[in-house]
Amino acid sequence: MERILITSALPYINGIKHLGTLVGSMLSADVFARFKKARGHEVLFLCATDEHGTPTELAAMEAGKDVRTFCDEQHLLQKAACEKFDLGWDHFGRSSSPQNKELTQHFARQLWKNGFLEVRTTKQVYSNADGRFLPDRYVIGTCPHCGYEKARGDQCENCTRVLDPIDLIKPRSAVSGSDDIEIRDSTHLFLKQSEFVPQLRQWIDSHKNEWSNIVYSIANKWLEEGLQDRGITRDVDWGVPVPDDIADGKLKGKVFYVWFDAPIEYIGATKEWADANGKGNSWKSWWYGEESKDVRYYEFMGKDNVPFHTVGFPVTIMGSGEPWKLVDQIKGFNWLNYYSGKFSTSEHRGVFMDSAIEILPADYWRYYLMANAPESSDSSFTFEHFASVVNKDLADVLGNFVNRITKFCVARFDGKVPGEGEYGDEEKALIAEMEKRFAQYTAYFEAIEYRKALAELRAIWVAGNEYLTRAAPWTHIKTDRAKAAVAVRMGLNLVHLFAHLAWPIMPTMAKKIHEAIQPVAGDGKIIPWPDMPMAKELDDLEPGMAIHAPDVLFAKITDEQIAEWTARFGGADSA
RNA sequence: GGCAGCGUAGCUCAGUGGUAGAGCAGGGGAAUCAUAAUCCCUUGGUCGGGGGUUCAAAUCCCUCCGCUGCUACCA
C-alpha cells in the first residue's frame with residue numbers, strides 16, 4: 001500500500017493564525033491525513049513554524065525580546081492553539097531547527113557545486129537609524145506616480161503600481177520613520193532559476209490534469225512570463241547562515257532567504273520527527289531515492305504559496321542533482337474573507353484560532369470551515385452563515401438524528417440493540433443508497449474535493465432521517481414490536497456508521513457519537529474508514545448490546561450569541 | 001499598466017456544447033421518536049452587459065463592466 005506524505009504550508013511564527021490560514025493549509029491537511037490514516041495507509045503528516053525573516057526580527061524587537069526567545073514562545077503558543085483544534089500531525093517542527101540548518105546548507109552547497117548559484121551585487125536600502133538593511137516594503141515614501149504619501153517601496157497601495165524603493169520621493173524607514181537612509185551595495189547569491197525552465201515545464205505539464213485549475217495556472221503563469229533568477233540570501237541576522245565554503249566566504253554574515261529554507265523544513269521536520277522518536281536514518285525513506293518510490297506526497301497551501309512550491313522549491317531539488325522527492329499533488333486554496341474584507345493578522349481583524357476555540361469546540365469550526373472551504377473562489381466567513389450551517393447541519397440533521405433514535409431505544413427497548421425481525425425492502429433500499437453515497441463520499445475525499453465531500457456526508461445524514469420517517473418505529477411499536485425493532489436496529493447501525501464517516505472531519509464528536517453505541521476499538525486514536533459492504537456495516541451491531549443516549553451533541557447558536565460575537569470581533573460594519 | 005482567478009436563485013455554491021441545479025432562507029402540508037428537531041411538496045434565475053460561432057451556448061470566440069489577487073526583497 002502507498003505510503004502517504006503530507007505537509008501543510010508552514011504558518012509564519014509571527015502570531016496566532018486566523019481561520020483563513022487554518023482552513024487553507026493546516027486543517028485541510030489534517031482532515032486529509034486523518035482520512036488516509038482511517039483507510040489504513042501509513043501516513044506521515046508534518047508541519048512546522050516558519051521562523052526566519054525580517055518580520056520576525058521586528059516583532060521580537062517590538063516585544064523587547066531576543067529573536068530566539070520570541071520564537072521559542074510563539075512556537076509553543078501556536079502549537080498549543082493547533083492542538084486544541086485537533087491538528088494531529090506526527091511532528092510540528094521549527095524551520096530554525098539544527099536539522100533544517102544542516103539540510104539548507106547541504107542544498108546550497110549542492111547548488112553551488114553544480115554551478116546553479118551566482119554571486120551578484122545589488123543595491124539595497126540601508127537605514128542608519130535602524131542599523132539594518134530594509135526590505136523594499138519596509139521603505140515608505142511618496143508615490144512618484146500618484147502622490148500617495150504612504151506608498152511602500154515595492155508597490156503603491158493607492159495606485160497599485162509596482163515601484164522600486166529608489167523611485168520614492170522622501171523615502172524613510174517604515175520601522176523607525178527615519179529618513180537617514182542610503183543605498184548600499186550588497187553581495188548576494190542568486191539561484192539560476194532561468195536554466196530550469198524546460199525541466200520545470202515538463203514537470204508542471206505532467207501534472208496538468210491532476211492539479212486544480214488555480215494551482216496549474218499560477219505555476220504556468222510564472223513560466224509564461226519568463227522565469228528570472230532569484231536572490232536567495234538576505235542581509236538579516238535571523239536565519240540559516242551561508243557557509244564560508246560557498247563563494248570563498250564572500251557572503252559572510254548573511255543568511256538564506258526565508259523562502260529558501262522554509263520548504264526545506266518539510267524535509268527538516270521529517271528528520272526532527274525521526275530524531276525525536278529514535279527512528280535514526282529512516283526519515284530518508286520518505287524523501288530520497290529508490291526507497292521513496294512508494295511514497296505519494298501531498299502539499300496543502302493558500303494560493304499565495306503556490307509559486308514557491310511549483311517553482312522555487314522544485315528548482316532547489318532539481319538543482320541539487322540528487323534524487324529528492326518532488327511533490328505529487330498540490331491542493332491550493334483561495335482566500336477566506338471575514339465578512340466582505342480581509343482577515344488581517346497585522347490589524348487583528350477577524351477570528352483567530354485562540355479566540356475561536358474559546359467560543360465553541362473545535363469540531364463546530366472544523367465542519368463549517370471544510371464544508372465551506374474556499375476551493376473554487378474566495379469566500380466569506382460570517383457569523384450569520386456559520387450559525388445557520390451549525391444549527392441546521394450539525395444540530396438538526398446529525399445531532400438530532402443520534403438523539404432521537406438513541407432516546408427511543410432507551411425508552412422502548414431498554415437501551416439495548418433489539419434483535420427481533422429481519423431487514424426488509426425498506427432496509428435493502430437504504431443499504432443500496434448508502435453503498436452509492438459512501439462510494440461517492442470516498443471518491444470526493446480521494447480527490448480532495450471538500451465542499452462536495454461534505455455535501456455528500458450531509459446527504460448521508462439526511463438519508464438516515466428519511467429512512468426513519470418511512471420506517472416510523474414510533475408508530476409500529478403500538479402494533480408490531482418486531483417491525484419497530486428492525487427500524488431501531490437500523491437506526492443505531494446508522495449512528496455507528498455516521499461516527500466512522502465523520503471522524504476525519506470531527507474527531508472528537510465522532511468518538512462521542514461512536515461511544516454512545518460502543519467503545520472505539522483499538523487504542524481509540526483512529527476510527528477506521530468503513531471499507532466494507534454496507535449490508536455488513538449496517539447490520540454490524542450485536543443484538544442485546546447496551547447503548548446510551550448522549551447529551552445534546554451540538555448546541556444551537558442563538559441570535560444573542562451572534563450579536564455578542566459580532567460585537568466582540570467586528571461584523572459587517574467593521575469592513 | 002500586465003497577468004491570473006472569479007461573476008449562475010434573496011444567501012452559499014454545483015454545473016465546460018444538448019430541456020438551468022443543490023443546500024439554506026421563503027410558502028404549503030404530514031408526522032409526533034427527537035435539541036420545535038424531522039419528512040414531503042413548492043415559489044424563485046434574460047447564468048455580469050453586448051456581439052459572434054453553432055442545429056443547439058452558463059459552457060467555445062471577441063469585447064466591455066465589476067470584484068479579488070499576483071507583479072519576483074512581506075511571508
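The sequence lines fix the lettering, A, B, ..., with proteins before strands; numbering per chain opens at 1.
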Could you tell me whether A/Arg152 contacts a base, only the sugar-phosphate backbone, or nothing, with contacts defined as non-hydrogen atoms closer than 4.0 Å?
nothing
What's the gap between B/rC39 and B/rA57 when it is taken at their P atoms, as a whole Å value?
39 Å
Within the 4.0 Å heavy-atom criterion, would you say A/Gly226 contacts the bases, only the backbone, or no part of the nucleic acid?
base
State plainly whether the residues A/Lys512 and A/Glu515 are in salt-bridge range, i.e. N to O under 4.0 Å.
no
Is there a donor on the side chain of A/Asn403 or the base of B/rA34 sitting less than 3.5 Å from an acceptor on the other?
no
Report which part of the nucleic acid A/Asn14 touches: base, sugar-phosphate, or nothing (heavy-atom distance under 4.0 Å, all strands).
nothing
Find out whether the Lys NZ or Arg CZ of A/Lys331 is both under 6.0 angstrom from the six-membered ring centre of A/Phe333 and within 45° of the ring's axis.
yes
Please name the nucleotide paired to B/rA31 by Watson-Crick or G-U wobble geometry with both distances under 3.5 Å, or report none.
none
B/rA34 and B/rG69: how far apart are their C1' atoms, nearest whole angstrom?
47 Å
For A/Gln124 and B/rC73, what is the distance between atoms CD and P respectively, to the nearest whole Å?
9 Å
Stacking of A/Phe408 on B/rC33 base (centres under 5.5 Å, planes under 30°)
no
Under-4.0 Å side-chain N/O to phosphate OP1/OP2 contact, A/Lys556 with B/rA37:
yes
Which one of A/Ile183, A/Asp235, A/Asp185 satisfies the side-chain contact (heavy atoms from CB on, under 4.5 Å) criterion with A/Gln124?
A/Asp235
Short side-chain N/O contact from A/Tyr257 to OP1 or OP2 of B/rA75, under 4.0 Å
yes
Categorize A/Phe554 for me: base, sugar-phosphate, or nothing, with a 4.0 angstrom heavy-atom threshold over every strand shown.
base
